[in-house]
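Following: one structure in structure tokens, then a few remarks.
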Number of protein chains: 2
Amino acid sequence: MLKKDGHTEKTIPHHERVYRSLRGELMHGEIEAGMALTIRGIAQKYGASMTPAREAVRRLSAEGAVSVSSTGRVTAPVLSTERIEELASIRALLEPELASRALPRAHMALIERLYTINSTISQAIVKNKPVAYIRANLEFHRTLYLRAQAPAMLAMVETVWLQLSPTMTVLYEKLQRRDASDNHRMVISALKAGDEPGLKLAIRTDVTQSLRMLTNE
Amino acid sequence: MLKKDGHTEKTIPHHERVYRSLRGELMHGEIEAGMALTIRGIAQKYGASMTPAREAVRRLSAEGAVSVSSTGRVTAPVLSTERIEELASIRALLEPELASRALPRAHMALIERLYTINSTISQAIVKNKPVAYIRANLEFHRTLYLRAQAPAMLAMVETVWLQLSPTMTVLYEKLQRRDASDNHRMVISALKAGDEPGLKLAIRTDVTQSLRMLTNE
DNA sequence: CATACCCACATGTGATCACAAATGCCAAAA
DNA sequence: TTTTGGCATTTGTGATCACATGTGGGTATG
């Protein structure tokens, strides 16, 4: 027989589970920049032993999601202003391209979904929920870029988000945030109109403004 | 006392050593696309045990330098044409920016060094040494981009190179290669002249042509 | 000749242990 | 009060082992 049963049951390895969980917490800003992590602590938190926990940390360190000191200590990275600007530059280079590639494939269902997500963003702003805000903001961009059919480029952008997230969380809480939903409305308008230059500009503006939030004042 | 001695002696962990070695072999095309790797084999090759070997593999898998099957088997990735084109697009987006940032800092010593590396490239072509060719080609670009003072962007580009290398090696050996040193001469000329648009174009041309080598014919 | 089955071996996974080094805290001294 | 020294604890590292599963090859069967 070819398969045991029709369930296609896949057992996710522990190191994979730990990796995904930890990555999610970092991406969504539940772990703040500078927070110290320990292998044993991670292992215990997710009910695994040290070995898979170490593997998860290695993957995350390769993505720049955690920084490892010369003595092996693991922390959520604290980014310098220069590094933040550099990562924003990468976003400004890649994300307009992703949006542009998604444009021909952006049908009405996608646009409506983006509109819904944007409402969630607005609500998170008025309710002052930073984690929900970041989460929905990322979902907005990812939903659009998924249509680009460019998995490697999307993965690269997600890596940048991952590096920025812990720092953004810290700063979001102390900074008054601009309403990113304005920029997103420009994105949606350009999508409806099929306006490729306008779309690229709107994305670039959104990325650039979120940068200013972090580096200015 | 603050330091034991003046040597600043640092003991490199095994997983770090294994990682660097394996990454170098992949980057320089000494491991061909599709080649199967085993944790035990890697461990034995570098005189380590399975644990650090696994950590090294995890880091490389996070960089896309190796692909891991659903059953955990590790291979050097075999890239589809679409993936190759996508990775080349990323190069075409990031590398001109890196070159542009390096331009104001490119003094005569750098240009001379690039010229020397380019001679090495030409020699590798006439002597038909694919590995030496790839190595020198990467060194040319990295030498230039290091001046950009943009470590995150450079790391991202290197990750792309790393993903492409095993496939390039296989194809380089069966394809007649164009002389990339022509493009590099354009790069050097633009650097001397301080011609930023020309520099970006030269880099983009170089990247695009190396793409054509892989996808056309 | 092609296909399906089966088994021995290879391989990834995860837990545990011993060890060395770094960290941080507390006490003692200036 | 501030600084220095040392010690107990925490922590990362690497090796090893048991186990389950996947893989590949050989054989039998159609």
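Numbers restart at 1 for each chain; the letters A, B, ... are given by sequence-line order, proteins then strands. This structure is a prediction, so every number in the text was calculated from the model and none was measured.
Mapping B/T51 and A/S69 onto DNA chain C via the closest heavy atom, the residue that lands nearer the 5' end is B/T51.
Residues from residues 53-61 of chain A placing a heavy atom under 4.0 Å of any atom in DNA chain D, listed by number, are A/R54, A/R58. Against DNA chain C, the stretch residues 34-43 of chain B makes heavy-atom approaches under 4.0 Å through B/L37, B/T38, B/I39, B/R40.
Regarding contacts with the backbone of D/dT11, every side-chain N or O of A/T71 stays at 4.0 angstrom or more from both OP1 and OP2. Contact between the side-chain N/O atoms of A/H15 and the OP1/OP2 oxygens of C/dT13 is found at a separation under 4.0 Å.
Residues passing the side chain to side chain donor-acceptor pair (under 3.5 Å) test with A/S21, sequence neighbours excluded: none. Every residue two or more places apart in sequence or in another chain that forms a ring-ring contact (aromatic ring centres under 6.0 Å, His included) with B/Y145 is listed here: B/H141. Applying the side chain to side chain donor-acceptor pair (under 3.5 Å) criterion to A/T120, with sequence neighbours excluded, gives no partner residue. A search for ring-ring contact (aromatic ring centres under 6.0 Å, His included) contacts involving A/Y19 returns nothing, not counting sequence neighbours. Residues passing the side chain to side chain donor-acceptor pair (under 3.5 Å) test with A/S67, sequence neighbours excluded: A/T75. In terms of the ring-ring contact (aromatic ring centres under 6.0 Å, His included) criterion, A/H15 has no residue partners (sequence neighbours excluded). Taking the side chain to side chain donor-acceptor pair (under 3.5 Å) definition, one finds that A/R101 meets it with A/E97, B/S89, sequence neighbours left out.
The interatomic distance linking B/R17 (CZ) with D/dT13 (P) rounds to 16 Å, in whole Å. The separation between A/Y46 atom OH and C/dA15 atom P is 16 Å, rounded to whole Å. Summarising the geometry, the separation between NE2 on A/H14 and C1' on D/dA20 is reported as 13 Å, rounded to the nearest angstrom. Between A/M50 atom CE and D/dG14 atom P the separation is 11 Å, expressed in whole Å.
In the helix from C/dC1-D/dG30 to C/dA30-D/dT1, the rotation axis of the first five pairs and that of the last five pairs differ in direction by 30°, rounded to 10 degrees.
Under the salt bridge (charged side-chain N to carboxylate O under 4.0 Å, His left out) criterion, the residue pairs touching residues 154-168 of chain B are B/R23-B/E158, B/R142-B/E158, with sequence neighbours excluded.
A donor-acceptor distance shorter than 3.5 angstrom exists from the side chain of B/Q163 to the backbone of B/E63, with no hydrogens or angles considered. Of the possible donor and acceptor atoms, one in the side chain of A/E86 sits under 3.5 Å from a partner among the backbone N and O of B/M153.
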Would you mind writing out the side-chain donor-acceptor pairs for residues 44-51 of chain B within the sub-3.5 Å range, not counting sequence neighbours?
from	atom 1	to	atom 2	distance (Å)
B/K45	NZ	B/E25	OE1	3.2
B/K45	NZ	B/E25	OE2	3.3
B/Y46	OH	B/E25	OE2	2.5

